[in-house]
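Nothing fancy with the numbering, it's 1 onward along the sequence.
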Amino acid sequence: MMRIQKILKAGVAGAMVTLIAASAHAAESAAEKMTADADVAKLPGVVLTQKLADGLPPSVKSSGVLKVATDLTPPISFHGEDGKLIGIDADIAAALGVILGVEVEMTDVGAGAAIVPSILAKRFDISISGINDDPELEKQVDVIDYMYDATTIMTGKDNPLGIKSMDDLCGKKVAVPVGTFQAKMVEATSAKCATPVNIMSIPKMPDVLQAVRTGRADATVNGYATSVYTTEHQTGNGKGLQALPDIRLAVGYLGMLTAKDNPQLRDSVVAALLQMVDSGAYETIMKKWSLGPLAVKTVKVNDAANMPAD
């Protein structure tokens, strides 16, 4: 899944967080109130649970609002035809609002690279956006591992260049989202190539897909779930693209992020997610978006070392 893995260096972290967060603020959409649709609201387990609501940190309880950062990666999170945020994350966010008794405001921050800085800068309480978990990320934030994913390659329709592996990207033009795990994978591949990969770093995932769709790039390396969904449904800028489902690399977790100094929120969200998992609501949401095989059986925190994405 296109997601940030870049870790800010000690000594410049504060300045970098401020700079990136400020830039992201200019690109983000307006906050959107997430209300559970009828198919989510009726699910078992999606009910107000006062014990969990009482465990929220005072800042969230007093405001009655949970501020959530996301970015666009269908079917994890994307805009429907009416412009509203939809997808797995939108449904989970709305369900969490019901269980925890708070209003959920979800904001598309404009790019995956803005997610970590926005949490570190305390502009948002949590991200609900499928970011690849890894041990380095866990040094910066707490990561709630809420689904699985892997990585595959996307090409133009019918794979005109016959790409069958990462090695086949040598000498090709490959678009990747800035600062992501997938970008690192392409860089590592390029380093081994006789003819390096021509890497096109692009901030937003929809623009990455557009580059491949229009032929400016030959391929992209992307989250398995997003790639397969985009191919099957030909959504948005994904029209005219093809995932290569036989290529399934770097199986790992996707995670929600909370600040290290906010364990009350982390634990409340984990408990609410476990309630959804145990009741079957979580799996129903995953299946709704055709990603049942990527559902976790339980919810863990900072567990990347036990499910390495390499």
Side-chain angles (χ1 to χ4, degrees), residues 1-6 27 71-79 87 108 110-115 129-132 134 148-252 254 290-291 294 309-310:
M1 190 72 49
M2 66 138 297
R3 293 292 182 251
I4 185 169
Q5 297 294 326
K6 189 185 223 177
D71 72 316
L72 305 183
T73 308
I76 310 300
S77 184
F78 62 113
H79 290 302
D108 166 21
I115 295 287
S129 180
I131 292 178
N132 293 97
D134 76 9
Y148 296 117
D149 197 17
T151 294
T152 191
I153 297 172
M154 292 190 79
T155 69
K157 190 174 181 180
D158 298 326
N159 190 12
L161 297 180
I163 294 169
K164 297 180 181 179
S165 70
M166 292 291 289
D167 291 341
D168 289 339
L169 299 180
C170 294
K172 307 292 195 304
K173 293 180 293 184
V174 179
V176 292
V178 174
T180 62
F181 171 68
Q182 285 78 17
K184 288 184 177 181
M185 289 184 68
V186 176
E187 291 166 3
T189 294
S190 182
K192 298 182 291 184
C193 292
T195 303
V197 179
N198 182 353
I199 301 173
M200 302 169 58
S201 297
I202 299 175
K204 297 183 180 181
M205 190 64 211
D207 295 335
V208 170
L209 298 181
Q210 180 76 342
V212 181
R213 187 178 73 84
T214 59
R216 288 197 300 117
D218 299 316
T220 184
V221 175
N222 192 23
Y224 190 92
T226 296
S227 299
V228 172
Y229 183 90
T230 299
T231 296
E232 290 180 351
H233 296 270
Q234 294 293 300
T235 57
N237 288 344
K239 294 179 180 177
L241 297 179
Q242 179 169 325
L244 307 182
D246 290 340
I247 299 174
R248 195 163 188 261
L249 309 167
V251 177
L254 300 182
S290 305
L291 295 183
L294 300 181
D310 55 26

Results of side chain to side chain contact (heavy atoms under 4.5 Å, CB included) for Thr155 - residues two or more places apart only: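 Thr155 satisfies side chain to side chain contact (heavy atoms under 4.5 Å, CB included) with Ile153, Asn159, Ile163, Ala219, Gln242, Leu244 once adjacent residues are dropped.
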
Side chain to side chain contact (heavy atoms under 4.5 Å, CB included) partners for Ser290, two or more places apart: His233

Heavy-atom side-chain contact between His79 and Asp108 under 4.5 Å: yes

Sub-4.5 Å side-chain heavy-atom contact between Leu291 and Ile76: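 Yes. Closest side-chain heavy atoms under 4.5 Å.
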
Reported OG1-to-CD1 distance for the pair Thr220 and Ile199, which is rounded to 0.5 angstrom: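 Taking OG1 in Thr220 and CD1 in Ile199, the distance rounds to 11.0 Å.
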
Spacing of CE belonging to Met166 relative to CG belonging to Leu249, to within rounding of 0.5 Å: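 The CE atom of Met166 sits 6.5 Å away from the CG atom of Leu249.
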
Is the side chain of [X] donor-acceptor paired with the backbone N or O of [Y] at a distance under 3.5 Å, no angle test?
{"X": "Asp149", "Y": "Leu254", "value": "no"}
{"X": "Thr226", "Y": "Gly223", "value": "no"}
{"X": "Asp218", "Y": "Lys173", "value": "yes"}

CA sep, side-chain torsions, deciding dist, call: Met154, Thr231, side chain to side chain contact (heavy atoms under 4.5 Å, CB included): CA-CA 9 Å; Met154 292 190 79; Thr231 296; 4.0 Å; yes

Between [X] and [Y], what is the shortest heavy-atom contact and its length?
{"X": "Asp71", "Y": "Ser77", "value": "O-CB, 3.4 Å"}
{"X": "Phe78", "Y": "Leu72", "value": "CA-CD2, 3.8 Å"}
{"X": "Val176", "Y": "Ala183", "value": "CG2-CB, 3.8 Å"}
{"X": "Val251", "Y": "Ala150", "value": "CG2-CB, 3.9 Å"}
{"X": "Ile202", "Y": "Ala175", "value": "CD1-CB, 4.1 Å"}
{"X": "Asp168", "Y": "Lys172", "value": "O-NZ, 2.9 Å"}

Sequence neighbours excluded - disulfide bond (SG atoms under 2.5 Å apart) pairs with any residue from residues 175-214: Cys170-Cys193

Full working for side chain to side chain contact (heavy atoms under 4.5 Å, CB included) between Leu169 and Val221: CA-CA 10 Å; Leu169 299 180; Val221 175; 3.7 Å; yes

